[in-house]
Amino acid sequence: MKRCDFKGMLPFAALAALSGCATEPAPVVAPPPVVVIPPQPRPPVGAPLNLAVPPADAFGVRHTINTGISPVQTVWNLRSAYNVAALNCVKPQHAAILEGYRQFLKTHAVRLRAVTREMDKEFKEKAGAGYVRVREAYMTQVYNYYALPPTLPAFCDAALAMSIEGASVPAKDLDSFAANSLPTLDAIFLRFYDSYEQYRADLAAWRQRYAPQTPVLTIPPVGPGRAPLATPPAPAAIPAPTLRIP
């Protein structure tokens, strides 16, 4: 586009000057804004979308099946973890776990029987005549805790290391071995639950930014002595930005 001023020129002079007029640049039209939406956060290691996570207290300590348990329960929970590993860690690289568990039961048979009796005593003191039902429910929770599918690969690796170390533990040292080994196994689950809580926080932030919930207007019913509410005016239309999803 050219911008010329022919004021005061004769027609032939204006015609001659036409070729020398300055060219005015065309106005630049800004493209619509582009919003790049990142992928929606997903649960870690293929975990379910609505997994129940053990809570953490005000000090950040997460309360799991192994929190605040007695020395007897510590031995029992370690044995339960070992049992779960022997049944579920079936890959060739974890084959030594099953044999290690069999040897574990033989080496520590006397102490494990005593632990069972002491567990019964503890539950009877807490739950009274119905202690068997309470004990069985607790044991089911322990086994389910260690059988959580998303943690299985890391759990099997840790159980293999524990079985190798435990092969040389004498019967008299079972309690101390359990006290040292159980936190190592539990750390796998604590890390997983921390990562799951981080996923929830990331998902909430993603939804807040990219998929906000549409507010719902609740209108009370019209009753005696109540006038119907006026229909609110429709909001002005706002052009939507261009979306690009990678």
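For the numbers below, each heavy atom of this structure counts, side chains included, while hydrogens, waters and symmetry mates do not. What you see is a predicted model, and the numbers here were worked out from it, not measured in a lab.
Taking a cutoff of 4.0 Å between a charged side-chain nitrogen and a carboxylate oxygen, Arg111 and Glu118 qualify as a salt bridge. The residues Arg62 and Asp194 are annotated as salt-bridged, a charged nitrogen and a carboxylate oxygen being separated by less than 4.0 angstrom. Comment: Glu136 does not engage Arg133 in a salt bridge, judged by the lack of any side-chain N to carboxylate O separation of less than 4.0 angstrom. Comment: Arg135 does not engage Glu122 in a salt bridge, judged by the lack of any side-chain N to carboxylate O separation of less than 4.0 angstrom.
Under the 4.5 Å side-chain contact rule for hydrophobic residues, Leu87 and Tyr82 do not share a cluster. Transitive grouping of hydrophobic side chains (ILVMFWY, heavy atoms separated by less than 4.5 Å) keeps Leu98 and Leu78 in distinct clusters.
Pairing each heavy atom of Val169 with each of Thr107, the nearest pair is O-CG2, 4.1 Å. For Ala96 against Leu160, the heavy-atom pair with the smallest separation is CB-CD1, 3.9 Å.
Proximity of a side-chain donor or acceptor of Thr116 to a complementary backbone N or O of Leu112 within less than 3.5 Å is detected. A side-chain donor-acceptor contact under 3.5 Å links Tyr196 to the backbone of Leu51. In this structure, the side chain of Gln103 does not engage the main chain of Gly100 through any donor-acceptor pair within 3.5 Å. A donor-acceptor pair is defined here as one N or O able to donate and one able to accept, closer than 3.5 Å; no such pair exists between the side chain of Trp206 and the backbone of Ile37. Put simply, the side chain of Ser181 never gets that close to the backbone of Ala178: no donor and acceptor are under 3.5 Å apart. In this structure a side-chain-to-backbone donor-acceptor pair under 3.5 Å is present from Asp57 to Gly60.
Within the 4.5 Å cutoff, side-chain heavy atoms of His94 are placed close to those of Asp157. Between Arg79 and Leu105 the shortest side-chain heavy-atom distance falls below 4.5 Å.
Rounding to the nearest 0.5 angstrom, the gap separating the CG atom in Asp186 from the OG1 atom in Thr64 is 4.0 Å.
Defined by atom type and a distance below 3.5 Å, a donor-acceptor pair is present between the side-chain atoms of Tyr138 and Asn77.
The list of ring-ring contact (aromatic ring centres under 6.0 Å, His included) pairs with a residue in residues 154-178, not counting sequence neighbours, reads Tyr146-Phe155, Phe155-Phe189.
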